[in-house]
Amino acid sequence: MKILSIETSCDETAIAILNINGPLEKPDIKILGNTLLSQVPLHEQYGGVFPMLAKREHIKNLPILLKQVLENTKSQAPNPKQIRNSKFEIPNIDFIAVTAGPGLEPALWAGITFAEELGKKWDKPVMPVNHMTGHIFSILYRTETNPKSKILNPKLELPAIALLVSGGHTELVLVRDFGDYEILGRTLDDAVGEAFDKVARMLGLHYPGGPKISLLAEKSRFRIKDLGFKFPRPMLHSGDLNFSYSGLKTAVLYKIKDLTQPSPSQGEGGALDSDLKEDLARAFEEAAIEVLIEKTRKALEDSQENIKTLIAGGGVAANKYLGQELKSLMTDFPDIKLRMPEKQLTTDNAVMIGIAAYVEAVKNPSVLAQEKKITAKGNLTISSR
Ligand code: KG4
Ligand code: ZN
């Protein structure tokens, strides 16, 4: 199945062309073309993503990326005549897939409108894709060979629990089967990636803050063993699988205020020195991640299903410390396999949208026959029940 996929749910504009065949548990995925333009440098100056600005950039960048991806594909195709790059010639694809939600609605609309125009022009069906299914099934793509097992792409065994952690989401999802999803828990306020970004801003670091916090935290762990202070672990003992990150963010803010304000005992206040910034980043990271790990543990322990796989996806899954903690969690669940996406597929991209579209097309082929107008849904849920 040849799929042209489009992603514009947040601040990355991305288009890919994939050729996917074979069983869903272990599909053969060939990336024929893959382009991505990040708006990070633009949003950096505002400290976050502005939806209308993101939309304007998507509209500007989509035709450029399309041209690039078609040229890209042409140079890789075994028969160059198969896919042409002219605006007026139809590429050799079966359908177009586009993210319909969740995400920033103006940004989503940019992708949907573009996809529908292409669909009309090329007479190809257009399929709406849930962005979160993209983060889940991003793990199906593998380029690295595991030197131990020599298995290039292990079979995905279901049911699975997926920990989805990004700038917009923090969710634990039960993946009963392909196409059958249930949200077990989610954040009641900020997403974990959003908390990383906000704390980074408090420490004077640019958006997106996740990777920068992670680097600082690592330096602190390298420099000292015990921090001597801790931030609260919100909802750690709430008894459910929900999360909350806004209190943790506020706790960091108060700590920074405390440390920078003049006090009678400590004398003058002032700017944080670099060691202190590293320690604050670490204390925040360790609190944020301990909650993710413990809620994931609870989800695995409490599940009535015979869970075979733990999937971690979304931008925050690129966090090194989270990766280490998840691996160590898995030692308590020796029968469950941990699957994480390759680094380049952790943050938003169009490849994962194409893979999720393949899953949907195989499970629910009638979706391609429906000529329904696609609508952007900022709060689109992944739950299928
Ligand atoms: O999945 P993604 O690209 O976009 C959304 O769907 O939101 O995730 C972006 C988020 C940002 O909040 C960013 O700070 C965070 O992922 N992130 C990280 C790391 N890399 C990206 N957070 C912690 N550690 C990282 N290494
Ligand atoms: Zn995402």
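Count residues from 1 along the sequence. Counting starts at 1 for both ligands and their atoms, in listed order. All values derive from a computational prediction rather than experimental measurement.
The closest side-chain donor-acceptor pair between Thr381 and Asn379, if any, does not fall under 3.5 angstrom. His131 and Glu7 are linked by a side-chain donor-acceptor pair at a separation below 3.5 angstrom, with hydrogens and angles left out of the test. A donor-acceptor pair shorter than 3.5 Å can be found between the side chains of Glu285 and Asn319.
Cation-pi geometry between Lys255 and Phe229 is met: under 6.0 angstrom from the ring centre, within 45 degrees of the axis. Both tests pass for Arg221 against the ring of Tyr321: distance under 6.0 Å to the centre and angle within 45° of the axis.
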Atom pairs and distances, donor-acceptor, side-chain atoms in residues 165-180, under 3.5 Å, two or more places apart:
from, atom 1, to, atom 2, distance (Å)
Ser166, OG, Gly168, N, 3.2
Ser166, OG, His169, N, 3.1
Thr170, OG1, Val192, N, 2.8
Arg176, NE, Glu305, OE2, 3.3
Arg176, NH1, Glu182, OE1, 3.4
Arg176, NH2, Glu182, OE1, 2.5
Asp180, OD1, Arg385, NE, 3.1
Asp180, OD2, Arg385, NH2, 2.7

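For an aromatic pair to be called close, the ring centres must be under 6.0 Å apart, and Phe284 with Phe196 satisfies this.
Below 30°, between 30° and 60°, or above 60°: for Phe243 and Tyr245 the angle between ring planes is below 30°, a parallel geometry.
In this structure, ligand 1 sits under 4.0 Å from heavy atoms belonging to His131, His135, Ser166, Gly167, Gly168, Gly193, Phe196, Asp197, Pro208, Gly209, Gly210, Pro211, Gly314, Gly315, Val316, Ala318, Asn319, Thr347, Asp348.
In this structure, Lys377 has no salt bridge (Lys or Arg N to Asp or Glu O under 4.0 Å) partners at least two apart in sequence or on a different chain.
Here the protein contributes His131 NE2, His135 NE2, Asp348 OD1 as N, O or S atoms under 2.8 Å from the Zn ion (ligand 2).
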